[in-house]
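Residue numbers count from 1 along this sequence.
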Amino acid sequence: MIVERPLTDGSIALRNLSAQIDALEQEVRLGRTTLSTRAGLVELIALRGLIVGRIADYFRAEEIAEQLVRDAPADPRAFVTRARTRATFHKFNDALADVDRAVRLSLDVETANSERAAIFQAVGRYDEALVLREEAAGRRASFENVAALVGLHAERSEVEAAERRYAQTHSLYRGVSPFPLALLDFQLGLMWMNEGLLEDARNSFDAALRRVLAYAPARGHLAEVEAQLGEIDSAVSRLYSLVGPSDDPDYAAQLARILAEAGRDGESRHWRRLAAARFDELVANRPEAFADHAAEFWLAAGADPDKALRFAKMNAQVRNTPRARALLAQAVAASRPGRRVAAPVLTNGVRP
């Protein structure tokens, strides 16, 4: 039985996170920060971007990380920080090169292997990632090491292992921030979606939202579950609450598709145009990072299978994951004359 610990209210935690970021940004502007402080700022900004669905935060984190490397080219922490932002934008080879450079600058083996494992998982090298993750958890069964195994097992649809490790994380967690546990709930939700167990997925996404109500990917995926269960009004309402605050076009894309399937074509066309323009902008800027979600959009609401195929091929070259291969297969089938395939179900909503 999982015993829940008292946690900070999610809304308060998010306000505190933003306040901390604002204070550190001010220190950066005044030139009063150390390398460690700026590296920590990158992590905080990336976390906020993940929680609230703000792509602009990822760009800001990348900007700071690039400056860190210019300012401290002999410090391994700078390269680790940049490796994480590069992985966020799916520049996985560059990220691995940064980790290797950090090792040559005396980065400890445990940190290097943790970074490599995350990148290996992102590109579908699951067996290599698992070896590194299990070694880390065997050496030190910390919350962070075991939580990493939850995400890996969940992505591989290893249900029993994911649930067992998930329960273990709750016995290890000693913090009061709701964010780490909400992230784990979300990962289980994705697993249940991939397994077709929609009620279980709903429960996991609900759990994530009870911890952090503003958690945009959890809200977006819960809307997807609701739509699949026929709860269209609830799904549409949930997505309308996201398309304004978030600069991520995934939510407009989902809204356009669900509205079209519900026969609300006028509303759908509006959100389709917005999503198309934003995806074109993002793909022009960071093609590797947004190729997968752009392909999903053009396969579904975007209704341009040739464009979907181009982005699906690009994505498959970057990430040899089951999801990337399935998306490419759908795009190939849809691009054949006279063929129509079912709309793809979004299965990540996070970057990477």
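- A distance of 5.0 Å separates CD1 in Ile55 from CG in Leu282, rounded to the nearest 0.5 Å.
- Closest heavy-atom contact between Ala334 and Pro305: O-CB, 3.5 Å.
- Between Arg84 and Glu115, at least one side-chain N (NZ, or NE/NH1/NH2) sits under 4.0 Å from a carboxylate O, which counts as a salt bridge.
- At distances below 3.5 Å, not a single donor-acceptor pair connects side-chain atoms of Ser237 with backbone N or O atoms of Ser234.
- Using a 4.5 Å heavy-atom threshold, the side chains of Leu229 and Glu199 count as touching.
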In sequence, state the C-alpha distance, the side-chain angles, and the governing distance for Glu135 and Glu110, and then conclude on side-chain contact (heavy atoms from CB on, under 4.5 Å). CA-CA 9 Å; Glu135 284 179 353; Glu110 184 175 350; over 6 Å; no

Decide side-chain contact (heavy atoms from CB on, under 4.5 Å) for Arg264 and Val236; before the verdict, give the C-alpha distance in whole Å, the side-chain angles of both, and the deciding distance to 0.1 Å. CA-CA 11 Å; Arg264 296 160 63 173; Val236 167; 4.1 Å; yes

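- Using a distance-only test at 3.5 Å, with no hydrogens or angles considered, no donor-acceptor pair links the side chain of Asp304 to the main chain of Trp298.
- Ion pairing between Glu261 and Arg257 holds under the 4.0 Å rule for side-chain N and carboxylate O.
- Looking at Arg278 and Asp250, no side-chain N of the basic residue comes within less than 4.0 Å of a carboxylate O on the acidic one, giving no salt bridge.
- In this structure the side chain of Arg319 never reaches within 4.5 angstrom of the side chain of Glu288, judged on heavy atoms.
- Without hydrogens or angle criteria, Thr81 side chain to Arg77 main chain gives a donor-acceptor distance under 3.5 Å.
- The residues Arg116 and Asp100 are annotated as salt-bridged, a charged nitrogen and a carboxylate oxygen being separated by less than 4.0 angstrom.
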Yes or no on salt bridge (charged side-chain N to carboxylate O under 4.0 Å, His left out) for Glu296 and Arg323, after CA distance, side-chain angles and deciding distance? CA-CA 11 Å; Glu296 289 172 335; Arg323 177 173 175 266; 2.6 Å; yes

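- A salt bridge is defined here as a Lys NZ or Arg NE, NH1 or NH2 lying under 4.0 Å from an Asp or Glu carboxylate O, and Arg211 with Glu4 meets this definition.
- A salt bridge links Asp57 with Arg54: the closest approach of a Lys/Arg side-chain nitrogen to an acidic carboxylate oxygen falls below 4.0 angstrom.
- Using a 4.5 Å heavy-atom cutoff, the side chains of Leu130 and Leu149 are in contact.
- Note that the CD atom of Gln20 and the CZ atom of Arg48 stand 11.0 Å from one another [nearest 0.5 Å].
- Taken from CG in Leu24 to CZ in Arg32, the straight-line distance is 12.5 Å, to the nearest 0.5 Å.
- Between the side chain of Asn113 and the backbone N or O of Leu132, no donor-acceptor pair lies under 3.5 Å.
- No hydrogens or angles considered: nothing links the side chains of Glu281 and Asn285 as a donor-acceptor pair under 3.5 Å.
- Checked against a 6.0 Å centroid threshold, the rings of Phe59 and Phe89 count as neighbours.
- Taking the side chain as every heavy atom from C-beta outward, Arg164 and Gln168 never approach each other to under 4.5 Å.
- In the hydrophobic clustering of ILVMFWY residues, with side-chain heavy atoms under 4.5 Å counting as a link, Leu328 and Val318 come out apart.
- When all heavy atoms of Leu299 and Ala331 are compared, the closest pair comes out as CD2-CA, 3.9 Å.
- When atom types are taken as modelled, the side chain of Ser18 and the backbone of Arg15 share no donor-acceptor pair closer than 3.5 angstrom.
- Summarising the geometry, atom CD1 belonging to Ile45 is positioned 12.0 Å from atom CD belonging to Glu62; distances are rounded to the nearest 0.5 Å.
- Using the six-membered ring where Trp is involved, Phe186 and His221 have ring planes that are perpendicular, over 60° apart on the 30 and 60° scheme.
- Closest approach of Val52 to Ser246, counting heavy atoms only: O-CB, 4.1 Å.
- Within 6.0 Å of CG in Asn93 there are 12 or fewer heavy atoms belonging to other residues, nucleotides or ligands.
- Taking CD1 from Ile12 and CG from Leu17, the interatomic distance works out to 13.5 Å, rounded to the nearest 0.5 Å.
- Of the possible donor and acceptor atoms, one in the side chain of Asn145 sits under 3.5 Å from a partner among the backbone N and O of Ala136.
- In terms of heavy atoms, Val99 sits closest to Ala83 at CG2-CB, 3.9 Å.
- Between the Asp75 side chain and the Leu35 main chain, no donor and acceptor come within less than 3.5 Å of each other.
- Ion pairing between a basic and an acidic side chain is recognised when a charged N comes within 4.0 Å of a carboxylate O; Lys307 and Asp280 show such pairing.
- When the side chains of ILVMFWY residues are joined at heavy-atom separations under 4.5 Å, either directly or via intervening members, Leu190 and Leu222 end up in a single hydrophobic cluster.
- Cluster membership for Leu44 and Val42, using ILVMFWY side-chain heavy atoms within less than 4.5 angstrom, is shared.
- Here the side chains of His90 and Asp292 are in contact, with some heavy-atom distance below 4.5 Å.
- Annotation: the span from Ile258 atom CD1 to Gln228 atom CD amounts to 9.0 Å, rounded to 0.5 Å.
- Between Trp271 and Pro249 there is no side-chain heavy-atom pair separated by less than 4.5 Å.
- Between Asp185 and Arg210 no salt bridge is recorded (no basic side-chain N to carboxylate O distance below 4.0 Å).
- A distance-only check finds a donor-acceptor pair linking the side chain of Gln254 to the backbone of Gly220 [under 3.5 Å].
- Note: Tyr166 and His153 fail the aromatic proximity criterion, with ring centroids not under 6.0 Å apart.
- Contact annotation: the side chain of Arg202 approaches that of Glu231 to within less than 4.5 Å [non-hydrogen atoms, C-beta and beyond].
- The backbone N or O of Ala122 lies less than 3.5 Å from no partner atom in the side chain of Arg125, so there is not a single donor-acceptor pair.
- In terms of heavy-atom proximity, Ala208 sits nearest to Ala218 at CB-CB, 4.1 Å.
- Remark: the backbone N or O of Tyr173 is paired with a side-chain donor or acceptor of Arg5 at under 3.5 angstrom.
- When ring centroids are compared, Tyr126 and Phe120 stay outside the 6.0 Å threshold.
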Tell me, with the steps shown, if Asp127 and Arg156 meet salt bridge (charged side-chain N to carboxylate O under 4.0 Å, His left out). CA-CA 10 Å; Asp127 290 342; Arg156 299 183 76 175; 3.0 Å; yes

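- Residues Leu50 and Leu213 are members of separate hydrophobic clusters, defined by side-chain heavy-atom contacts under 4.5 angstrom among Ile, Leu, Val, Met, Phe, Trp and Tyr.
- One hydrophobic cluster, built from ILVMFWY side chains closer than 4.5 Å, holds both Leu181 and Trp192.
- Thr85 places none of its side-chain heavy atoms less than 4.5 Å from the side chain of Tyr58.
- Considering every non-hydrogen atom in both Leu209 and Tyr215, the closest pair reads CD2-O, 3.6 Å.
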